[in-house]
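Any value given below was found using the heavy atoms of this structure, including those in side chains, with hydrogens, waters and symmetry copies removed.
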Amino acid sequence: MVNGTLQEVESPRFEYLAADGVTNLFGTTVGTIDGAINVYVDVVETTTITTTTTTETTTTTTESTTEATTTTITTIEEPTTTTTTTTSTTGTTLTLTFTTTTTTTTGTMLTLTCTTTTTTATTAGPTETTTESTTESMTESTTESTTESMTESTTESTTETTTTTEEPVLKVTVTALVGYYLSVDERDFITDLGLASATLDGEDVSDALTFVYDGETYATPAELFKGVGEAYTAVTVDVYYDGAATGETMTIYIAIKGDTDLNGVVNIQDAYAVQVYSAELASGNSWSFTGNSESKLEVLAYFVSDVDTESLKGQNDNTTGEVINIQDAYNIQVFFADISAGTNLEWDDQISTLSSLTGSYWEWKAAQ
C-alpha cells in the first residue's frame, strides 16, 4: 500500500515475504488480501523518559559563638528543582515539578512547595481536540522560627566584708592620786569633789563611777572613814564604772579635824603638840608632827592641825598665810573644852571664817 493505495506486487516478491522467517522479521502476520500484501503489525508504545537532575549544593555557614554576644546564624540552601517529563504516544504528558526551598533565619524556616501539572490531550478524531488541564497546587509552608539566645555570663564575685565592731572606748581619769579629807566631809567623791571622771565614746559618763574599798562602795569621805573604822584612814580605793573595775585607783587619807597626833580623838594633847610645833618653827628649828616631814601622814597631820586654813602643803607658807601658829593651838583647846562639856559644837560654829574657805567642806556645807 503506497499512500493509501493498494499496489500489486509481483508473485516472487510475495513469495519472499511469505517465506520462512518473514514472520519473524515483521514479528506478526503477513498475508494478501485482494491481491495486496497486508502486514499486520502490533502497535508499539514508545516511551521517552527524560530525567533532569539538578545537583544540590549546600552552603554551610560556620557558627561563631562569642560569650555574652547574640549570634545570628543564617543557612541558605540552594533550591533543589527536580523535573521529570514523561511523554507517551498515547498523547499523555505528565510534568512533575518538586521544589524544596529551605531558608533558616535565626532559626529554621521550611517552605515546601509541590506543584503537579497534569495535561491530558485526547484526539477523538481528525478535527476534534479536547484538552483537559488539571492543576493541583500543594503548598505546605512550615515555618519554625526559633531564636536561641545563649548569653552565659558567669561572674564569680566574692566580697569579703569584715565588720569590726569596736568596743566602746571608756576613758577614766582620776584627778588626783592622793586626797586628804575630814571625817565629817559629806561631799560625793565624784559629783562634788570631782575626784574622777569618765567618758564613753566621748560622752560624759562620770555619774556611773563609784569608789570601792574592800568590796564595799563608798560615796563620801565620811562614809569611807566610818566604814574603815580606824583612828584615821589611809586606803587605796578602786574606781569602778557601771559595777566593774576600771583599773584606776586613788589613795585617800581621812582624819578628825584637830586630832594632831592622829589617835582618833581631839584632846589637850593635840593642842600641846601644836604649841610645840609653832614654838620650834619660830625658833628656826625644823619640826614635824610624825617625825617625817616628807610623808603623806605628815601632810594629813598638818591638814587637821591647821584648823583655820586647812592647808594641804604639809608645812607653813608665810607668803599665803597658811601657817600653824598659837591660834590653832587655842582653837583646839576651846573645841576640846566644848565637847568635854557635852555640847554639839561644830568647827564652823567656832571658826566662822571656815564657811568662806575656798574649796573646803565648810564652804560646800554652807551652800547646801
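Listed by chain and number, the residues in a side chain to side chain contact (heavy atoms under 4.5 Å, CB included) with Y213 are Y218, L224, V228, V235, V237 (sequence neighbours excluded). Take V265 and apply the side chain to side chain contact (heavy atoms under 4.5 Å, CB included) test, not counting sequence neighbours, and it matches N263, N267. A search for side chain to side chain contact (heavy atoms under 4.5 Å, CB included) contacts involving T199 returns K171, not counting sequence neighbours. Legend: residues meeting side chain to side chain donor-acceptor pair (under 3.5 Å) with E363, ordered by chain and number and at least two apart, are absent. With sequence neighbours excluded, no residue satisfies ring-ring contact (aromatic ring centres under 6.0 Å, His included) with Y232. By the ring-ring contact (aromatic ring centres under 6.0 Å, His included) test, F225 is found to be paired with no residue, residues two or more places apart in sequence or in another chain being considered. Taking the side chain to side chain donor-acceptor pair (under 3.5 Å) definition, one finds that S355 meets it with nothing, sequence neighbours left out. D338 meets the side chain to side chain contact (heavy atoms under 4.5 Å, CB included) test with V334, T343, L345, Q350; sequence neighbours excluded.
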Please set out all donor-acceptor pairs under 3.5 angstrom arising from side-chain atoms of residues 184-194, sequence neighbours excluded.
residue	atom	partner	partner atom	Å
D185	OD1	R187	N	3.0
D185	OD1	R187	NE	3.0
D185	OD2	R187	NE	3.2
D185	OD2	R187	NH2	2.7
R187	NH1	G359	O	3.1
D188	OD1	I190	N	2.7
D188	OD1	T191	N	3.0
D188	OD1	T191	OG1	3.3
D192	OD2	D188	N	2.8

Could you pull out all donor-acceptor pairs under 3.5 Å where a side-chain atom in residues 274-286 meets a protein atom, sequence neighbours excluded?
residue	atom	partner	partner atom	Å
E280	OE1	N285	ND2	2.8
S283	OG	A279	O	3.0

Can you list, pair by pair, the side-chain donor-acceptor contacts under 3.5 Å of residues 302-315, counting residues two or more places apart and other chains?
residue	atom	partner	partner atom	Å
Y302	OH	Q315	O	3.2
Y302	OH	N316	N	3.2
Y302	OH	N316	OD1	2.3
Y302	OH	I324	N	3.4
S305	OG	T260	OG1	2.8
S305	OG	A301	O	2.7
D306	OD1	T309	OG1	2.7
D306	OD2	T309	OG1	2.2
D306	OD2	S311	N	3.1
E310	OE2	K257	NZ	2.7
E310	OE2	W362	NE1	2.7
S311	OG	K313	N	3.2
K313	NZ	D317	OD2	2.3
K313	NZ	E322	OE1	2.8

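The 12-atom threshold is exceeded at CZ of F336, counting heavy atoms of other residues, nucleotides or ligands nearer than 6.0 Å. Within 6.0 Å of atom CH2 in W364, more than 12 heavy atoms from other residues, nucleotides or ligands are found, so the atom counts as buried in its surroundings.
In this structure, OH in Y241 is found 4.5 Å from CG in L200, a value given to the nearest 0.5 Å. Note that the OG1 atom of T246 and the OH atom of Y240 stand 9.0 Å from one another [nearest 0.5 Å]. Here the straight-line distance linking atom OG of S360 with atom OH of Y181 works out to 13.0 Å at 0.5 Å rounding. To the nearest 0.5 angstrom, I254 atom CD1 is 8.0 Å from T220 atom OG1. For the atom pair OG of S295 and CG of L300, the computed distance is 9.5 Å after rounding to the nearest 0.5 Å. To the nearest 0.5 angstrom, L177 atom CG is 11.5 Å from L195 atom CG.
With no hydrogens or angles considered, a side-chain donor-acceptor pair links T290 and E298 at under 3.5 Å.
Applying the side chain to side chain contact (heavy atoms under 4.5 Å, CB included) test between I332 and each of I268, D259, V266 identifies V266 as the sole match.
Note: the hydrophobic cluster containing Y330 does not contain W347 (ILVMFWY, side chain heavy atoms under 4.5 Å, direct or indirect links). In terms of hydrophobic clustering, with Ile, Leu, Val, Met, Phe, Trp and Tyr side chains grouped at heavy-atom distances under 4.5 Å, M250 and V212 are assigned to different clusters.
Among residue pairs with one or both ends in residues 339-359, those qualifying as salt bridge (Lys or Arg N to Asp or Glu O under 4.0 Å) are D348-K365; sequence neighbours excluded.
Between the side chain of D328 and the main chain of N325, a donor-acceptor pair closer than 3.5 Å is present. In this structure, D238 contributes its side chain and T249 its backbone to no donor-acceptor pair below 3.5 Å. In this structure a side-chain-to-backbone donor-acceptor pair under 3.5 Å is present from S206 to A198.
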(message) Working note: F211 + I252, criterion side-chain contact (heavy atoms from CB on, under 4.5 Å); need CA distance, chi angles, decisive distance, verdict.
(response) CA-CA 11 Å; F211 278 14; I252 297 178; 3.9 Å; yes
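Across every non-hydrogen atom of A231 and L262, the tightest pair is CB-O, 3.8 Å.
Here the side chains of Y253 and V299 are not in contact, with every heavy-atom distance at 4.5 Å or above.
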